[in-house]
Amino acid sequence: MTNRKRMTLCALVAATILTASCESEIAVPVLNSGLSTSDAAQGLEATPSTLSATQTPLIADKPVSRVEAARFLNQATFGATTADIDRLMSIGYSAWIDQQFAIPRQQSYTKWFQVDGPRSNPLDFNDGSTDRESAAWYTLAKDQPDQLRLRTAWALSQIFVVSRAKVGSNIVLWMDTTADGAFGTYREMLERVTFSPVMGRFLDYLGNTDNEGRVPDQNYAREVMQLFSIGLWQLNTDGTLKLDSAGQRIPTYSQADVTGLSYVFTGLNLQSNGDRVGTCRDDAGRLLPATNDSNKLWRCELSVFPNASPRQHSFLGVSIPAISPWNLAARQTNGRKNIGIALDTLANHPNTAPFISKLMIQRFTTSNPSPAYVARVAARFENNGKGVRGDFKAVVKQVLLDPEARTSSFQTATEFGKTREPILAIAQLNRVLKASDGKGNVWAGSVGCRVYFNLVTELERPYNAASVFNYYRPTFAPPSGKVAAQKMVAPEMQITDTTSVLDWSRFLQQTLQRGGTGCGNAAKIQNRFAYDEFWAESTNAEQLADKVLLLLAPGANWSDLRPALIRSINSIPGVTQANRIDRIKIAIMLTMLTPEYRVQR
């Protein structure tokens with residue numbers, strides 16, 4: 001852009017002010033054109049649901065409008081596109097979901113990391129400041145056709161949390177674990193998780209043993225119950241708390257249960273001569289023959305070794321049989337069987353269906369689902385209609401097609417929706433502007449790059465939560481204000497404050513100003529944007545505003561935002577190619593800074 005054009009864009013950036021609602025303690029970006037600072041806070045205010053757990057009125061299988069189609073796609077993918085909207089309008093919700101279920105994995109994170117990334121662009125891949133792991137995730141999120149699988153994998157990764165802060169580049173294996181299990185069953189996923197070397201490293205049970213009178217490490221035993229299956233408190237099938245006769249919450253497990261279960265998770269290790277030799281996979285996901293290569297062993301299931309505890313254990317009222325310490329082969333075989341008993345117990349526990357179902361709803365559609373919504377999803381978890389428990393396909397389909405997610409009366413209810421987390425906003429920006437290095441990759445910058453990291457993105461780098469408790473807790477609510485007063489939650493607000501909102505503004509301004517994201521040495525632009533999605537509308541301010549709002553903020557109330565966008569777009573001539581690009585940039589930036597965007601409906 002010329003200096004004058006840069007000044008135009010910067011002036012419009014300067015016209016965007018950021019304020020925080022003291023009453024709600026929610027930082028809200030607001031245009032100075034009159035958008036209300038209370039919109040986002042009130043967007044999570046509670047009203048009672050009018051639909052019971054047994055009422056499942058039919059919804060139209062085809063979207064009633066392109067706005068409804070885009071709203072669905074922004075929940076089910078990393079961002080709606082015009083082509084996706086056209087297809088959904090043509091075939092309807094159920095057919096679209098079923099087609100997504102049928103798409104095999106097109107690419108693995110491991111293959112991109114080991115083969116495609118370094119082969120296609122060795123200069124950027126081998127730049128020591130490049131965040132390769134994030135690049136693997138953003139590259140696949142942008143345009144892989146199996147969007148629903150990868151979106152589900154992201155949801156599962158926030159339940160079964162592993163952080164690369166501890167496991168390093170092996171995190172790409174965990175990305176594949178969540179993607180491979182996204183359309184399987186919960187019980188299968190629990191087994192993938194337990195026998196994963198990456199999880200074993202993260203939660204410290206590799207080589208866990210009670211030999212010589214040791215007490216086994218209890219980390220995984222505790223977290224697999226608290227976070228991955230049954231939660232802390234007993235639940236009704238609709239996710240509400242069970243209470244005792246004194247009106248107190250009832251714990252799901254005790255310390256004795258943690259101790260008993262910890263003995264089950266002994267004997268698991270990464271070894272070349274264990275009982276799972278032959279489960280290793282190559283970069284493309286193909287099974288490898290038996291190997292002694294220590295690097296490849298990270299791609300194998302963990303083996304159970306003869307140091308599995310021989311003692312009889314119990315947890316949650318289930319007895320885990322003793323194992324003869326003298327027959328080493330039997331000790332290995334029965335150690336694996338005992339792990340299976342433990343996983344079956346957790347998968348079939350009455351708390352698991354409502355606990356996992358509510359978490360899945362929160363990750364896709366709304367932070368505060370009604371008990372009836374949770375009950376309907378939990379019912380599909382318990383039985384997919386064909387006698388299968390924990391079928392993630394059935395769960396995801398119910399989450400997305402539930403009347404509470406699709407019916408306009410619920411969409412406009414003040415308690416419906418969720419705060420859009422930074423990583424999904426960035427993924428959508430990459431997707432809608434077709435970010436690319438020209439070789440099929442989306443680079444993710446580096447620590448120390450002010451254009452990308454040390455800003456809001458540092459809060460949520462892919463698969464890099466600060467702890468096993470994820471980036472934010474599902475029960476988080478600001479300590480005061482309307483959300484807390486209504487006894488509601490706003491999980492993503494745990495990583496949203498005045499500083500992060502200001503950082504988000506700077507990130508958008510700098511990224512769009514430069515025309516791309518990512519930087520390595522010398523702060524170069526690694527990705528360039530394309531503006532095809534909006535080019536036809538870029539000469540007409542009203543059409544451009546409508547297109548940007550359709551793709552980025554469907555379901556929001558546009559009554560204040562749309563006129564503000566039109567005025568901002570019209571402040572830039574729509575004559576030259578550079579003008580038209582500036583118009584697109586300013587419309588996207590101003591939209592992504594507003595409560596209408598940050599609160600996803």
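Quick caveat, the model's predicted, so the values are computed rather than measured. What you see below is based on every heavy atom in this structure, not just the backbone, and it leaves out hydrogens, waters and symmetry mates.
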### Ser196 (side chain) donor-acceptor with Val193 (main chain) under 3.5 angstrom
no
## Note on the structure
When rounded to the nearest 0.5 Å, the distance separating OH of Tyr109 from CG of Leu140 is 5.0 Å
### Message
As an exercise, state the distance from CZ of Arg192 to OG1 of Thr194, rounded to the nearest 0.5 Å.
### Response
12.0 Å
### Message
Between Gln218 and Gln255, is there a side-chain donor-acceptor contact under 3.5 Å, judged purely by atom types and distance?
### Response
yes
Between side-chain atoms of residues 221-228 and protein atoms elsewhere (two or more places apart, or another chain), which donor-acceptor pairs fall under 3.5 Å?
none

#### Entry: Gln234 and Arg249 side chains, donor-acceptor separation under 3.5 Å
no
### Task
Identify the heavy atoms of Ile230 and Leu346 that sit nearest to each other, and give their distance.
CG2-O, 4.2 Å
### Query
For Phe381, is the NZ or CZ atom of Arg389 found under 6.0 angstrom from the centre of its six-membered ring and inside 45 degrees of the ring axis?
no
### Query
Does the ring center of Phe392 lie less than 6.0 Å from the ring center of Phe183?
no
### Query
Can you name the nearest heavy-atom pair linking Ser163 to Ala465, along with the distance?
OG-O, 2.7 Å
### Summary
Rounded to the nearest 0.5 Å, the OH atom of Tyr263 sits from the OG atom of Ser314 at a distance of 11.5 Å
### Query
Side-chain donor-acceptor pair under 3.5 Å between Trp154 and Gln158, yes or no?
yes
### Task
Please assess Asp204 against Asn219 for the test side chain to side chain donor-acceptor pair (under 3.5 Å), listing each intermediate value before the final yes or no.
CA-CA 7 Å; Asp204 306 313; Asn219 204 8; 3.2 Å; yes
### Query
Any sub-3.5 Å donor-acceptor pair from Ser262's side-chain atoms to Thr259's backbone N or O?
yes
### 4.5 Å side-chain heavy-atom contact, His313 and Ile341
no
#### Entry: Beyond-backbone contact of Thr152 with Phe364, side-chain heavy atoms, under 4.5 angstrom
yes
### Query
Mind checking whether Asp437 and Val442 have side chains closer than 4.5 Å, heavy atoms only?
no
#### Entry: Under-4.0 Å salt bridge between Asp391 and Arg187
no
### Contact summary for Tyr471 and Tyr463, nearest pair of heavy atoms
OH-N, 3.0 Å
### Message
Would you compute the distance between atom CH2 of Trp96 and atom CG of Leu401 and round it to the nearest 0.5 angstrom?
### Response
10.0 Å
### Task
Look at Arg376 together with Glu404 and state whether they make a salt bridge at an N to O cut-off of under 4.0 Å.
yes
### Message
Would Tyr373 and Thr366 count as a side chain to side chain donor-acceptor pair (under 3.5 Å) here? Give the steps.
### Response
CA-CA 10 Å; Tyr373 188 0; Thr366 183; over 6 Å; no
### Query
Passes side chain to side chain donor-acceptor pair (under 3.5 Å), Asn441 versus Ser120? Steps please.
CA-CA 8 Å; Asn441 309 304; Ser120 63; 2.9 Å; yes
### Query
Is there a donor-acceptor contact under 3.5 Å from the side chain of Thr139 to the main chain of Ala136?
no
### Message
For Phe72, does the six-membered ring have the charged nitrogen or CZ of Arg406 within the cation-pi criterion, i.e. under 6.0 angstrom from the centroid and within 45° of the normal?
### Response
no
#### Entry: Side-chain heavy atoms of Thr333 within contact of Arg336, under 4.5 Å
no
### Task
Specify the closest pair of heavy atoms between Met488 and Ala477, including all atoms of both residues, with the distance to one decimal.
O-CB, 3.3 Å
## Note on the structure
Checking Arg363, Arg420, Arg473 against Glu492 for salt bridge (Lys or Arg N to Asp or Glu O under 4.0 Å), the one that qualifies is Arg363
### Task
For Thr209 and Thr266, indicate whether the former's side chain and the latter's backbone hold a donor-acceptor pair under 3.5 Å.
no
### Message
Tell me whether Asn269 contacts the main-chain N or O of Ser303 through its side chain, where contact means a donor paired with an acceptor under 3.5 Å.
### Response
no
### Message
Under a 4.0 Å threshold between the charged nitrogen and the carboxylate oxygen, would Arg151 count as salt-bridged to Asp146?
### Response
no
### Query
Just by distance, do the side chain of Asp210 and the backbone of Arg214 share a donor-acceptor pair under 3.5 Å?
no
### Query
Any donor and acceptor pair, going by atom type alone, linking the side chain of Asn384 with main-chain N or O of Ala394 inside 3.5 Å?
no
### Non-hydrogen side-chain atoms of Ile159 and Met360 separated by less than 4.5 Å
yes
### Task
Could you tell me whether Trp443 and Trp112 have their ring centroids closer than 6.0 angstrom?
yes
## Note on the structure
Taken to the nearest 0.5 Å, the spacing of Ile423 CD1 from Asn464 CG works out to 9.5 Å
### Worked verdict on Asp116 versus Gln107 for side chain to side chain donor-acceptor pair (under 3.5 Å)
CA-CA 10 Å; Asp116 296 342; Gln107 167 73 296; 2.6 Å; yes
### Task
Please report the closest heavy-atom contact between Pro491 and Pro474, naming both atoms and the distance.
CG-O, 3.4 Å
### Query
Can you check side-chain contact (heavy atoms from CB on, under 4.5 Å) on Leu203 and Val468, steps first, answer last?
CA-CA 8 Å; Leu203 289 183; Val468 72; 4.2 Å; yes
### Task
Could you please spell out the steps behind the side-chain contact (heavy atoms from CB on, under 4.5 Å) verdict for Gln99 and Arg87?
CA-CA 11 Å; Gln99 286 185 0; Arg87 179 150 189 79; 2.9 Å; yes
### Query
Any donor-acceptor pair under 3.5 Å linking the side chain of Ser367 with the backbone of Ala490?
no
### Message
Is there a side-chain contact between Thr240 and Leu235 in this structure, where contact means two heavy atoms from C-beta onward sitting under 4.5 Å apart?
### Response
no
### Rounded distance (nearest 0.5 Å) linking atom CG of Asn351 with atom CG of Leu316
10.0 Å
### Message
Using every non-hydrogen atom in the two residues, find where Thr475 and Val489 come nearest and quote the distance to one decimal.
### Response
O-CG1, 3.5 Å
### Task
Is it possible for you to check whether Arg431 lies under 6.0 Å from the centre of the six-membered ring of Phe78, through NZ or CZ, and within 45° of that ring's axis?
no
### Task
Name all pairs fulfilling the salt bridge (charged side-chain N to carboxylate O under 4.0 Å, His left out) condition that reach into residues 97-110, sequence neighbours left out, sorted by first residue then second.
Asp98-Lys397, Arg105-Asp176, Arg105-Asp180
### Task
Using atom types as modelled and distance alone, determine if a side-chain donor or acceptor of Arg201 lies under 3.5 Å from a backbone N or O of Val167.
no
### Query
Hey, does the side chain of Thr77 reach the backbone of Leu73 with a donor-acceptor pair shorter than 3.5 angstrom?
yes
#### Entry: Check: Lys337 and Asn334 side chains under 4.5 Å, non-hydrogen atoms
yes
### Summary
Tyr220 meets the ring pair (Phe, Tyr, Trp, His ring centres under 6.0 Å) criterion, sequence neighbours left out, with Tyr205, Phe265
### Donor + acceptor pair across side chains of Glu421, Tyr472 (<3.5 Å)
yes
### Query
Do Phe113 and Ser169 have side chains that get closer than 4.5 Å, going by heavy atoms?
yes
### Message
Show, in sequence, the C-alpha distance, side-chain angles and deciding distance for Arg461 and Arg164, and conclude whether the side-chain contact (heavy atoms from CB on, under 4.5 Å) test is met.
### Response
CA-CA 10 Å; Arg461 293 167 72 186; Arg164 63 172 139 151; 3.5 Å; yes
### Test log, rule side-chain contact (heavy atoms from CB on, under 4.5 Å), inputs Phe101 and Leu148
CA-CA 8 Å; Phe101 288 157; Leu148 183 56; 3.8 Å; yes
